[in-house]
Amino acid sequence: MTSLAPLPLSTKVTVLRGLGPARAAALQEAGIDTLRDLLWSLPYRYVDRGSLRPLGSLELRGLEPADQGIVTVLGTLRDLRQSTTRVQRMALTEALLEDGTGTLRLIWFNQPYLARALKVGDRLLAFGTLAVGRHGLELRGPQFEVMGRGEDAAWVRRFLPLYRKLGPLPGRVRQKLVQEALARVHVADEWLPLELSRDLPDGPTALRLLHDPPDDSDPALLERGESPAHQRLAAEELFAFSLGVALRRAGRLKRRGLVVPTSPELREQLRSYLPFHLTGAQRRAFKDIVDDLTSGRVMNRLLQGDVGSGKTLVALLSLAMVAETGGQGALLAPTEVLARQHAASFRRYLGDRAESLQLLLGGMRAAEKRAALARIASGEARYVVGTHALFQEAVAFHNLQLVVVDEQHRFGVKQREALKEKGGDPHWLVMSATPIPRSLALAVFGDLDQSVLDELPPGRQPITTKLHKPEFAERAWEQVRRELAEGRQAFVVSPSIDPSDEGKVQLRDIQAMEALLRGIFPEVPLEVVHGRLKPDEMGARMGRFVSGEAKILLATTVIEVGVDVPNATVMVVDHAERFGLSQLHQLRGRVGRGAHRSHFLMISGSETERLQTLVETQDGFRIAQRDLELRGPGEFFGVRQAGLPQFQVADLVRDRRLLARCREAAEKALARGLSEAQAQWLKREQARLRLADVS
Ligand code: ADP
Ligand code: MG
């Protein structure tokens, strides 16, 4: 046997012995290309021999509540049979496990291949939920590993790492590959800065601790991914990510930005247009923006705030700053309804100056659109309000200095690149619809500076929030009836139902809801809006609700963003369990906009504990954090998750504090200048973490 030279982490996995083409392909399929990828794919579970139970000792009562009935057992398969259940005609596989102290029945449903995969005499390590069946205790649907002969040697160690099977590659084989990789790999110099690495094991040690945990490891920390070794790997990912973001930011700050010729007098004058005083938070945010606009650098700022905190107003002031000093500003709204609404409210605030406001929509008639484009090109239009679709068209601006992007998590990046290609590099202000927890904002908008509106305008009435079971829905309709009698208006929200859901669950769709509402409120004018309407029709129907002609608006979540009807004082959400918490909070923000007390009523027969969060708090940041914890970052952003960085070990919820530290460390490292090891590491990580996508 030849002696093996140490391998760098970037070596292809194919150097490992015992890895044929089929298995290499399976690894490739799972994105495991190099030793680094292999070593960073951690075990999905650690079996703790400390908690291995002799079969004779099993009883449900003896289990800690924390175990939730989960046990790990090791024994020899004594009996194996396959049958079909009488009632639902499911394949039933039954086995009997014996370990010298007793026996235990194992059962699996609908996995007929098990009868072929297992054989009497196999030694099986199984873990699953202990339950009481017709024949006494049994383990239902346990996961298991077949132990090879002589493999009890593995039991010298307390923890057994388990790896997921990848196609034709069994978890046990993966473990062997990992062990070989660990033995042969050579890890380059330390590249984490001292302030991060100080309390953590070094890279190679961390990998060993995770793939072959020593007996004194803390099983709870291992299981939760919170051991120092996990933290080490997470820090590597988060630091590389933060470096990428910081570099991008540094690049932006080097670009020369248009200096908007503002003055304190102008700021005062702008504020005097408003019928009320700015909140302290609005004043601070506006100052941040003015500082950016006059700094000589290009602004890229995220304006965050709870629903109703007055972001739009700050946007208007910022646009005015530019428009009143000879430039042009554009506001991009996600829908035509919102664009029209923004234009209308801007006109109210601007008074005579509204002359220079121009709306530009995809659905405009040709002549109207030509006129609009001409006004934008000549510079006569100083305030341009439209949807982002417009930005894809050939709109020529006279002197575009500021773009405000409303209510979207990520869009704007491409448009911005397009603008830059055309030679323009305006200031950029992004407003998020719902509060985004800090860790997620750092991850997704890492390159943006942030201003947070953490204060609501005075005099807001709290919104009474209730959760009703479907059988008590009448209480919600009673409230609607009372509000209508007072001359108020009502929103009713139905979930949009995916055709693939039909039949599976009993859901009331929007047509059924319309029929119900027409039955309960026969004389009341009602409009129905949903995403499949043409923009014109949508605008007309919304218009009748905004004007007060229609009293009830039945909608899918198209009303989620921004719609402002102060006379609407009650919202009923059907099947509230179908919505995310942040989304519900966003919906709730559609009421409580006027002087009257408002009501937010959810109808749901399930997930009451989760929905209760909304009853308990109206703090959007707290709700967002809870939503993030419950659903994870991808779901939190819904379909817009495409821009999230892909981490193998780091978890944006669990490791949020670490991310904040990594971000600081990255800024410092950049200021000092990157070491050779850091620069190389960063280059390798760039593609994997999708750093290029970060806005
Ligand atoms: P957001 O966009 O953050 O949800 P908006 O800008 O739509 O909030 O403001 C919500 C409502 O509060 C609007 O009707 C707006 O006119 C009003 N508003 C905004 N700022 C103030 C303020 N400083 N004082 C009183 N009312 C305000
Ligand atoms: Mg708004």
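Atoms within a ligand are numbered from 1 in the order they appear, just like the ligands themselves.
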Q: Contact between ligand 1 and S309 is defined here as a heavy atom of the residue under 4.0 Å from a ligand atom; is it met?
A: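 A heavy atom of S309 does come that close to ligand 1.
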Q: Are S451 and L303 packed together at the side-chain level, in the sense that at least one heavy-atom pair is separated by less than 4.5 angstrom?
A: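 A side-chain contact under 4.5 Å exists here.
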Q: In plain terms, say whether R482 and E486 are close enough for a salt bridge, that is, a side-chain N and a carboxylate O under 4.0 Å apart.
A: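 No.
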Q: If the cut-off is 4.0 Å to any non-hydrogen atom of T279, which atoms of ligand 1 fall inside it?
A: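 Near T279, meaning under 4.0 Å from one of its heavy atoms, ligand 1 has 23 (N).
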Q: I'd like to know if the side chain of H575 pairs up with that of E577 as donor and acceptor (distance under 3.5 Å, no hydrogens or angles considered).
A: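 Looking only at side-chain atoms, E577 and H575 do form a donor-acceptor pair, the distance falling under 3.5 Å.
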Q: Under 4.0 angstrom from ligand 1, any heavy atom of L274?
A: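 Contact check L274 vs ligand 1: negative.
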Q: Going by the atom numbers of ligand 1, which of them fall below 4.0 Å from some non-hydrogen atom of L313?
A: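 Answer, ordered by atom number: 6 (O), 19 (C), 20 (N).
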Q: A side-chain contact here means heavy atoms from C-beta on lying under 4.5 Å apart; do Y273 and L316 qualify?
A: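 Side chain of Y273 against side chain of L316, heavy atoms only: no contact under 4.5 Å found.
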Q: Is it true that D288 and R284 have a side-chain N and a carboxylate O under 4.0 angstrom from each other?
A: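 No, no charged N to carboxylate O under 4.0 Å.
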Q: If you measure every N/O of L278 against every N/O of ligand 1, is any gap under 3.5 Å?
A: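 No, there is no polar N/O contact under 3.5 Å.
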Q: Within the 4.0 Å heavy-atom shell around H277, which atoms of ligand 1 are there?
A: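 Those qualifying, in numeric order: 22 (C), 23 (N), 24 (N).
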Q: Just jot down the ligand 1 atoms closer than 4.0 angstrom to any heavy atom of D306, in number order.
A: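 Taking each heavy atom of D306 in turn, ligand 1 has 3 (O) under 4.0 Å.
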Q: In ligand 1, which numbered atoms sit nearer than 4.0 Å to a non-hydrogen atom of R593?
A: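 Listed by number with element, the hits are 4 (O), 7 (O), 10 (C).
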Q: Would you kindly specify which portion of M431 sits under 4.0 Å from ligand 1, judged on non-hydrogen atoms: side chain, backbone, both or neither?
A: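 It is neither; nothing of M431 touches ligand 1.
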Q: Heavy-atom contacts under 4.0 Å between V314 and ligand 1: side chain, backbone, both, or neither?
A: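 Near ligand 1, V314 shows nothing, with every heavy atom at 4.0 Å or more.
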Q: If you take the nearest heavy atom of each of G592, G620, G310, which one is closest to atom 8 (O) of ligand 1?
A: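 The residue whose heavy atom sits nearest atom 8 (O) of ligand 1 is G310.
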Q: Quick check on salt bridge (charged side-chain N to carboxylate O under 4.0 Å, His left out): which of D449, D425, D292 does R252 satisfy it with?
A: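 Of D449, D425, D292, salt bridge (charged side-chain N to carboxylate O under 4.0 Å, His left out) with R252 is met by D449 alone.
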Q: Could you tell me how the ring of F276 sits relative to the ring of Y349: parallel (under 30°), tilted (30 to 60°) or perpendicular (over 60°)?
A: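 Correct class here is perpendicular.
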Q: Taking atom types as modelled, find out whether Q269 and E265 have a side-chain donor-acceptor pair closer than 3.5 angstrom.
A: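 Judged by distance alone, the side chains do not pair up.
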